[in-house]
Amino acid sequence: MLYREAGDFKTSYAADQQTFPLKLDRWFVWGVLAFAFLVVPFFINDYWEKSVLLPFLVWSMAALGLNILTGYCGQLSLGTGGFMAVGAYASYKLMVAFPELNMFVVVITSGLITAMVGIGFGLPSLRIKGFYLAVATLAAQFFLVWLFNKVPWFYNYSASGQISAPERTVFGVAVTGAAAPSWATYLFCLVLVVVFAYVARNLTRGRLGRSWMAIRDMDIAAEIIGVSPLKAKLSAFAISSFYIGMSGAMLFAVYLGSAEPTEAFGIDKSFLVLFMVIVGGLGSILGSFLGAAFLILFPVLMKNIMVGGFGWPADLAAHLELVFIGGLIMLFLVVEPHGLAQFWRITKEKLRLWPFPH
Amino acid sequence: MSESNNNAGRTGETLLETKNITLSFGGVKALTDISFDVKEGEIRAIIGPNGAGKSSMLNVISGFYHPQQGEVWFRGEKRGPMKPYEVARQGVARTFQNIALFKGMSTLDNLMTGRMTKMHTNIFWQAIWKGPAEREELEHRERVEEIIDFLGIQSIRKTPVGRLPYGMQKRVELGRALAADAKLLLLDEPMAGMNQEEKEDMCRFILDMNDEFGTTIALIEHDIGVVMDLSDRVVVLDYGCKLADGVPDVVRNDQAVIDAYLGVSHES
Ligand SMILES: Nc1ncnc2c1ncn2[C@@H]1O[C@H](COP(=O)(O)OP(=O)(O)O)[C@@H](O)[C@H]1O
Ligand SMILES: [Mg+2]
């Protein structure tokens, strides 16, 4: 029995409801965090930053956001790309208007602005459900992209219609712009993701999270137990959009550096995040990370193997990659519809009993 | 159970009163001019054949249906049109005829959700968790654990309720309603579909709840035998009309009731 809870008895309710009830899990998480904060920044290079770590962090943030809305509150949304665009354009306007502003403040404020917009587009959810709501959010997606293309004020009348992030700092260190060092952009995103993952965990384990899950599982019963559907749904839209807005701001300002709405925030991004959440596990914080890791890191790995290892042409590799990833997503949905997080839970349960099968 | 049939000693003020409730769906009259009351501390039964309008009555009380005519009075005040969650906040909890649990959540979380109306920390404290939010959580956890002990469901505390057998789900649903510490508990056929042993357990829980926590209960039940043992007063509905109202012994011997139950069956 390598992995177990024997001797790890809980003597208080506080100990019983902590995030990682098992000691081994807690050490593991602290270990990963220590490594991420204290080791990685010293060894990070441009390749790891741009191809692996930043995209993973940025999309994890988006997946956290969509998981709150779809996984916890049961409201299907295809507007993720559009909401990311709101965050991106909000951060752009803020960066231009207030050059001295700390980038943390910029990203968080962009999230708050997106939250407001999210509430607006969440209003239909009070009347419609499921498939119809998905269509309404799809309309939001197309409307928002159209808006950022059409209204020059959003891109400050630039000739190209693009927005580009000027150099902005956190406590004197540049985290945006071409000159920002890899360790700084990485740490900046890491801090945001870690802090807000913790916040997401807290929100989902308490009263608010239960009101979301109650609405998701049985809205009639939720109402009879005292959950206001209006508050539950709109708060889910607001908080989900807050996260997605922050991820959009990070994607544009820190990772891409410049963006054009149709390409950076198109409908394909909405589906990408939805796949992350489904593959990772609906209603699971860990699942959001696993899903983002799978859909961001796996293609990188495959490309390295096919192009770097076998020397295949890059375009062939790109196509094979799509086929392979698509196939894997389908396989996952069939084999473990509750996602990677559930797969991990079951594996742990088995390990706990190992070597005895029952 | 003779003392439970004697409502004189244990029951107090009128807690809930419905006055001349008429409810129709299009042309179908589900309730016609129904008036009855529930007194504090009693177990009140609503019985009647299938389709008599019993569930509709509970749905009116809990705010799902809005009657075309009539008034609902709660704790001495006339109630305006209310949403179900507002009714819940006034102190009314209920269970459903068809189990309506939160299937993806554990037993513990289902019961904790029952305490929704009593939890108040704002979103910022919840985001931080340490401090007021955690304190509130633990405080309510304690009450929920009492209910878990009361219902004997310790072993399924962390089990997602979707995986539990039917009888257990019914029990968890009762627990969730009980966790609300409501002034009035509405139970829609709490024993439907149960075997004899489960029924006896459920009866015991209902009586103990009423005894130990002083909870006022209005329940719908099909099994007339069970009802007579359990309740202080019984109201009988048939085709949306009130047939009889009173203590079990009187209702049992009422000719209209005997006809309704022994005569033509309305069961579909
Ligand atoms: N939402 C509704 N829409 C239309 N008819 C309804 C609705 N709810 C109840 N009814 C009708 O009202 C009558 C009473 O139903 P109900 O209250 O469920 O009876 P009971 O619970 O006594 O078996 C039935 O004829 C039923 O068809
Ligand atoms: Mg019924």
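Reckoned from all heavy atoms, side chains included, excluding hydrogens, waters and symmetry mates. Every chain is numbered from 1, with letters handed out A, B, ... down the list of sequences. All of these numbers come straight from a predicted model, not from anything done at the bench.
More than 12 heavy-atom neighbours from other residues, nucleotides or ligands sit within 6.0 angstrom of CD on B:Glu212.
Of the two parts of A:Ala200, neither the backbone nor the side chain holds a non-hydrogen atom closer than 4.5 Å to a non-hydrogen atom of chain B. Neither the backbone nor the side chain of B:Arg115 comes within contact range of chain A; no heavy atoms are under 4.5 Å apart. Neither the backbone nor the side chain of B:Glu173 comes within less than 4.5 Å of any heavy atom in chain A. For B:Ala133, no part sits under 4.5 Å from any heavy atom of chain A, backbone or side chain.
Between chain B and the residues A:Ile239, A:Val227, A:Thr204, the largest count of heavy-atom pairs under 4.5 Å involves A:Val227.
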Requested in this report: Carefully, step by step, assess B:Gln154 and B:Arg157 under the rule side-chain hydrogen bond (donor to acceptor under 3.5 Å, both in side chains).
Outcome: CA-CA 5 Å; B:Gln154 296 90 339; B:Arg157 200 188 267 122; over 6 Å; no

Query raised in the report: Can you check salt bridge (charged side-chain N to carboxylate O under 4.0 Å, His left out) on B:Lys170 and B:Asp201, steps first, answer last?
Result: CA-CA 11 Å; B:Lys170 277 263 181 199; B:Asp201 281 344; over 6 Å; no

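Within residues 207-217 of chain A, the residues having any heavy atom closer than 4.5 Å to a heavy atom of chain B are A:Arg207, A:Leu208, A:Arg210, A:Ser211, A:Met213, A:Ala214, A:Arg216, A:Asp217, listed by residue number.
Judged as a ring pair (Phe, Tyr, Trp, His ring centres under 6.0 Å), the pairs with a partner in residues 112-163 of chain B (not counting sequence neighbours) are, in order, B:Phe150-B:Phe205, B:Phe150-B:Phe213.
A perpendicular orientation is assigned to the rings of A:Phe242 and A:Phe196, their planes being inclined by more than 60° (bins at 30° and 60°).
At least one donor-acceptor pair closer than 3.5 Å links the side chain of A:Asn67 to the backbone N or O of A:Gly283.
The side-chain contact (heavy atoms from CB on, under 4.5 Å) test with B:Met209 singles out one residue from B:Leu178, B:Ile147, B:Ile43, and that residue is B:Leu178.
Contact record, B:Leu186 with B:Val92: CD1-CG1, 3.7 Å, taken as the closest heavy-atom pair.
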